[in-house]
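Taking it in order: structure first as C-alpha cells, then the write-up.
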Amino acid sequence: MFRFSSIKDYHNALLNGQTTCVETVHYYVSQIKTAAHLNAYIEVFEQDAIARATELDNARKQNGMQGKLHGVVVGLKDVICYKGKTLTASSKILAGFTSLFNATVVDKLLAEGAIIIGRQNCDEFAMGSSNENSAYGPVLNHADNTRVPGGSSGGSAVAVQADLCMISLGSDTGGSVRQPADFCGIVGLKPTYGRISRYGLIAYASSFDQIGIFATNTEDVAIALEVISGADEFDSTVSNQPAPVCDFTEETGKKYKLAYFKEALEHPGLDPEIKAATEAFIKTLTAAGHDVQAVDFELLDYIIPTYYILTTAEASSNLSRYDGVKYGHRSSKPYEDLADFYKNNRSEGFGDEVKRRIMLGTFVLSAGYYDAYYTKAQRVRNMLRRKTQVVFNQFDAIISPTVPSPAFKISEKSNDPIEMYLADIYTVFANLVGIPGISLPLFKHSTGMPFGMQVMTSEMNEVPLLRLSKRLMQMAGLE
Ligand code: GLN
C-alpha cells in the first residue's frame, strides 16, 4: 500500500499505477476518522473529495496529470473561504456562515489539481498560541495527547503531523504557522508579506496576516508556494513579482553568511535544552564552513508589546464587522437600543481572548492614548525594519529558535495571557518587518517533543530561504 512521503513520490505512484486519487482520499478520510480525538478537523468534505478524486483519476487516464498539485490532499484552516462551505474562524459568532466565494489561494489550488479534504480547527479568529481558544474545543498534539499543538493553526499542523492530509494552509500573523510547526515536528513557512493574496482570508491584523504552508518537507512547501503565490486583482498588497520557482539545484555548495541575535539566545525565558541545541547546531554550521555570527538586537524586549499593540488595534477595527446584523450570531436577549443589540450579539458570539484583544485594541486607538501606544509602536516597527535591512546587507539569513519552549501541557498557560504571548517572542519579528520565515523540525527535546529552528531571509527571498532550509534539513539527516 502506498504511503505518502512527498508530492514527487506520490505523483510517481499515481503515474505507475501504484495508487489512485480515489484510493488516496479514502485513506485520508479513514485516517481522519481514526484520529477524531485529535480534533484537527471541524468538517471533512468526504463526498466532494471523492467526486473530485474520481474526476482527476479519469482526467489523468485520458490526458495525463492535471497540474502541479494533481490529487494532492490539502486541508484548509477555518479562516480561508471555500465557496459553498461553512466558514467560522472557530468562532460562535460565525456559526452557520457559508463562504460566498473562493479565496484566491483556493482557486489557485484547484486550478493545479488539488483536492480539498476539509476545514481545520484553529484558535478563534487566529488569536492564540495553543489552539485552546476554539469554539470547537482544543486540538491535541499527536506526539503527546496531553500537550497543545501550538496555535493558532493547530488543527492544520496536527493534520500534517498525524498524516491526515499531505499539506495544509494556515495563516500566520505572529507565528501561527511556524509555532505549531515547531510543536508538531513539521515544516511551516510564513512567506513575505504580500507574496500571497489575502483575498478570502478572514482578517485578524491586515498589515501582518499572511497565508502559510505546512508540509513534511521543504520541496512540498516550495511546490505549494509556487502555486499559491502571485499578483491578484482582489488584493492590492500582493507583489507583482512572479511566483517563486525553487528547483533546489543551484548553489548546492554555497557557504552561507548567517546571523543570530545574541539577545535571543540569552533570553531568560529560553528553555536551556533549546538554547543548547541551537548553539550546538551553530557550531556544526561553522564546522561545515558557514560563517555564523552573533548580532546585537537590543530591541528584543520591545517586539512582543509592539506586536500586541499593533495587532490588537487592527483586530479591533477588522472585527467590528461582526455585529449580528447582516450575518453571524444574533442574540435572542431583549434589547433597548442599537448599542444594546450589538453588545448582546458580540458578548455572546466572541470568546474571552477575542474580547480581550478587541478591548486592548480599542484602548490603544482611543484619542487619549493613541500617541502613547499606537504611534509609538509604529515607530518601533519602523526602527525594526531599518535594523533588519542593515542585517541583510551583510548576511544571507537570520537563524533563531522558533519558540522558547517545547509544546506545553494543555491548560498550563491558558490562565496567563502574558505567559502565552511570550511563546511568540521569536516569531512575531518576521511579521513586524514583513520578511519570510520558516520553522524546520531539526531537534528533539528530553520531554519527547520535537522542536524547530527558525530561518528568515529578506523580503521576497523565499527561494534562497528554501534552498538553505533543505541544506539544513539534510545536515540533520531529515531530507
Ligand atoms: N500567537 C500569536 C497571537 O496570538 C500569533 C497568532 C497568529 O499568527 N495568527 O497573536
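Counting convention: from 1, in listed order, for ligands and their atoms alike. Positions are given from 1 along the sequence.
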Looking only at protein heavy atoms, what sits closest to atom 7 (C) of ligand 1 is Ser176 OG, 2.3 Å
For Ser152, the atoms of ligand 1 under 4.0 Å from one of its heavy atoms are 9 (N)
- Item | Geometric N/O contact Gly151 with ligand 1, under 3.5 angstrom | no
Paired with Asp172, the salt bridge (charged side-chain N to carboxylate O under 4.0 Å, His left out) test is passed by just one of Arg178, Lys77, Lys190, namely Arg178
heavy-atom search around atom 2 (C) of ligand 1 in the protein gives Asp424 OD2, 3.2 Å
* **Distance-only side-chain donor-acceptor flag, Thr218 / Glu479, under 3.5 Å** => yes
Under 4.0 Å from one or more heavy atoms of Asp172, ligand 1 contributes atoms 8 (O)
Ligand 1 to Gly174, heavy atom cutoff 4.0 Å, flagged ligand atoms 5 (C), 7 (C), 8 (O)
Rounded to the nearest 0.5 angstrom, the CZ-CZ distance for Phe183 and Phe408 is 5.0 Å
Ligand 1 to Ala126, heavy atom cutoff 4.0 Å, flagged ligand atoms 6 (C), 7 (C), 9 (N)
### Task
Report the relative orientation of the aromatic rings in Tyr421 and Tyr308; use parallel for angles under 30°, tilted for 30 to 60°, perpendicular for over 60°.
parallel
Within the 4.0 Å heavy-atom cut-off, what Gln210 brings close to ligand 1 is neither
Of all the heavy atoms in Arg357, does at least one lie under 4.0 Å from an atom in ligand 1? yes
If you scan protein heavy atoms around atom 5 (C) of ligand 1, the nearest is Tyr307 OH, 3.4 Å
At under 4.0 Å between heavy atoms, what of Tyr421 touches ligand 1? The answer is neither
Check: Less than 4.0 Å between a side-chain N and a carboxylate O, is that true for Glu226 and Lys68?
Finding: yes
Numbered in order shown, the ligand 1 atoms found under 4.0 Å of a heavy atom of Tyr308 are 2 (C), 3 (C), 4 (O), 10 (O)
Counting from 1 in the order shown, the ligand 1 atoms closer than 4.0 Å to a non-hydrogen atom of Gly128 are 1 (N), 2 (C), 3 (C), 4 (O), 6 (C)
*What do you reckon, does Lys77 have a nitrogen or oxygen under 3.5 Å from a nitrogen or oxygen of ligand 1?*
no
- Without swapping roles, check the side chain of Asp123 against the backbone of Ser153 for a donor-acceptor pair under 3.5 Å. no
